[in-house]
Student: 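Please find one structure pasted underneath; my questions will follow.
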Amino acid sequence: MAKVAFIGLGVMGYPMAGYLASRGGHDVTVYNRTSIKAEQWVDQNGGTLAATPSDAAKDAQMVFACVGNDEDLRQVTTGPDGAFQSMESGSIFIDHTTASAQVARELGAAAEAGGFGFLDAPVSGGQAGAKNGALTVMVGGEQDVFDRARPAIDCFAKQVGLMGPVGAGQLTKMVNQICIAGLLQGLSEGIAFAKNAGLDVEAVIEVISKGAAQSWQMENRWKTMDAGAFDFGFAVDWMRKDLSIVLGEANSNGSLLPVTALIDQFYAEVQKNGGNRMDTSSLITRLT
Ligand code: NAP
């Protein structure tokens, strides 16, 4: 059992922090910008409420964060009242935000200068993965820092991997998003085509999901895509944020991502049509 802190009790952070208390038995201090969520969390899980990220990090052996984007992350770490003001020497900051590799390296260097560890540890598995404590966690950082943090991360994860030095977790998450973007467009086109061809979509999926076309998206999303329901987790706004990080990184490392760049523009169309909060399978709305 350790004294830990969690910053950012959103869709993902709220249940992740909960598992640190319930599965890990850790003594958890929470901070959330909108304090009512943190009050609710403490009512449900016990633990302590902090007024600022800096207060939350005081005396904590590990500090976890899951906020929105690079700028949010800078605010809760190196900003005024940020956690880095009070991190203990030898403690570890573990960031679960999907952010750029650049901000990870920047914060990794600041942590090193302050005498504490830093891991960039973005997650996949969505809202359901967080609720069920079954996330995939892609980590960048030093082996010994990873080894010390791993038992706590295991509280909300089913798969955890150290991918390389600081930044490698974010780079791995970018690969994840590249793979998902093109696949969802393919699935959208397949379902739309099946409908236009007068096929029974359920019967089609039943057969092809046992073959080479099978995917997690096919198994978990075909039915809701077919029904035109798009309230199942990861939102288009978040995906566009992630794809902009991906395309920026591709520009600097020389990767060619023609399909990913096109899908990003398709998502921009979905946003323009009011689909900002729809889940990422809403790509099919452009076709039906
Ligand atoms: P969310 O529900 O919008 O929660 C974001 C959290 O960050 C909230 O607690 C918010 O506080 C806090 N926050 C944002 N900006 C802040 C700032 N400047 N200062 C202090 N706190 C700030 O988002 P989420 O769905 O949990 O996603 C969090 C991260 O996980 C994102 O990077 C996202 O891309 C990634 N992710 C999400 C999913 C998913 O399915 N949702 C899956 C994988 C990865 P308030 O309560 O005050 O707004």
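As the structure lists them, so they are numbered: ligands from 1, and atoms in each ligand from 1.
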Student: Considering the heavy atoms of G8, write down every atom of ligand 1 situated less than 4.0 Å from one of them.
Tutor: 9 (O)
Student: Is it true that R74 and E106 have a side-chain N and a carboxylate O under 4.0 angstrom from each other?
Tutor: yes
Student: For ligand 1, is any non-hydrogen atom under 4.0 Å from M16's backbone (N, CA, C, O), its side chain (CB onward), both, or neither?
Tutor: neither
Student: Please identify which atoms of ligand 1 are closer than 4.0 Å to at least one heavy atom of Q127.
Tutor: 40 (O)
Student: In terms of residue, atom name and distance, what is the protein heavy atom nearest to atom 46 (O) of ligand 1?
Tutor: K37 NZ, 2.6 Å
Student: Write out the residue and atom name of the closest protein heavy atom to atom 32 (O) of ligand 1, then the distance separating them to 0.1 Å.
Tutor: G68 O, 2.8 Å
Student: With a 4.0 Å cut-off on N to O distance, would you call K223 and D226 a salt bridge?
Tutor: no
Student: Take atom CD in E202; do more than 12 heavy atoms of anything else shown fall under 6.0 Å from it?
Tutor: no
Student: Please work out which of K241, R33, M12 has its closest non-hydrogen atom nearest to atom 22 (C) of ligand 1.
Tutor: R33
Student: Heavy atom to atom 47 (O) of ligand 1, shortest distance: which of T34, D242, T97, I245 holds it?
Tutor: T34
Student: Which protein non-hydrogen atom lies closest to atom 25 (O) of ligand 1, naming both residue and atom, and how far is it?
Tutor: W238 NE1, 3.4 Å
Student: So, does Q61 use its side chain to make a donor-acceptor pair with the main chain of K3 at under 3.5 Å?
Tutor: yes
Student: Any idea which protein heavy atom is nearest atom 12 (C) of ligand 1, and the distance to it?
Tutor: V67 CG1, 3.9 Å
Student: Would you say the side chain of D279 lies within less than 4.5 Å of the side chain of F230, judging by non-hydrogen atoms?
Tutor: yes
Student: Less than 6.0 angstrom from the centroid, inside 45 degrees of the normal: does R286 satisfy that with respect to the ring of F266?
Tutor: yes
Student: Would the F84 and F116 ring centres measure less than 6.0 Å apart?
Tutor: yes
Student: Provide, to 0.1 Å, the distance between atom 30 (O) of ligand 1 and the closest protein heavy atom, together with that atom's residue and name.
Tutor: C66 SG, 3.6 Å
Student: For atom 35 (C) of ligand 1, which of the options T280, V76, T98, L135 provides the nearest non-hydrogen atom?
Tutor: T98
Student: Write out the residue and atom name of the closest protein heavy atom to atom 18 (N) of ligand 1, then the distance separating them to 0.1 Å.
Tutor: Q75 OE1, 2.8 Å
Student: Below 3.5 Å, N or O to N or O, backbone or side chain included: is there any such pair between G13 and ligand 1?
Tutor: no
Student: Could you tell me the residue and atom name of the protein heavy atom closest to atom 11 (O) of ligand 1, and the distance to it rounded to 0.1 Å?
Tutor: N32 OD1, 3.7 Å
Student: Say whether, by atom type as modelled, one donor and one acceptor occur between the side chain of K241 and the main chain of G68 under 3.5 angstrom.
Tutor: yes
Student: For G126, counting its heavy atoms only, list the atoms of ligand 1 lying under 4.0 Å from any of them.
Tutor: 40 (O), 42 (C)
Student: Checking the side chain of Q170 only, and the main-chain atoms of T97 only, is there a donor and an acceptor separated by less than 3.5 Å?
Tutor: yes
Student: Between ligand 1 and G10, is the shortest N or O to N or O distance under 3.5 Å?
Tutor: yes
Student: So, 4.0 Å and heavy atoms of S124: is ligand 1 close enough to count as a contact?
Tutor: no
Student: Are K272 and E269 within salt-bridge range, i.e. N to O under 4.0 Å?
Tutor: no
Student: Output the list of atoms in ligand 1 that are nearer than 4.0 Å to some heavy atom of D72, sorted by atom number.
Tutor: 14 (C), 15 (N), 16 (C), 17 (C), 18 (N)
Student: Output yes when a side-chain donor or acceptor of Y19 lies under 3.5 Å from a complementary backbone atom of K131, and no otherwise.
Tutor: yes
Student: Are M239 and I178 connected, step by step, through hydrophobic side chains (Ile, Leu, Val, Met, Phe, Trp, Tyr) whose heavy atoms are closer than 4.5 Å?
Tutor: no
Student: Looking only at protein heavy atoms, identify the closest one to atom 38 (C) of ligand 1 and say how far it is in Å.
Tutor: F234 CD1, 3.4 Å
Student: Heavy atom under 4.0 Å from ligand 1: found in V11's side chain, backbone, both, or neither?
Tutor: both
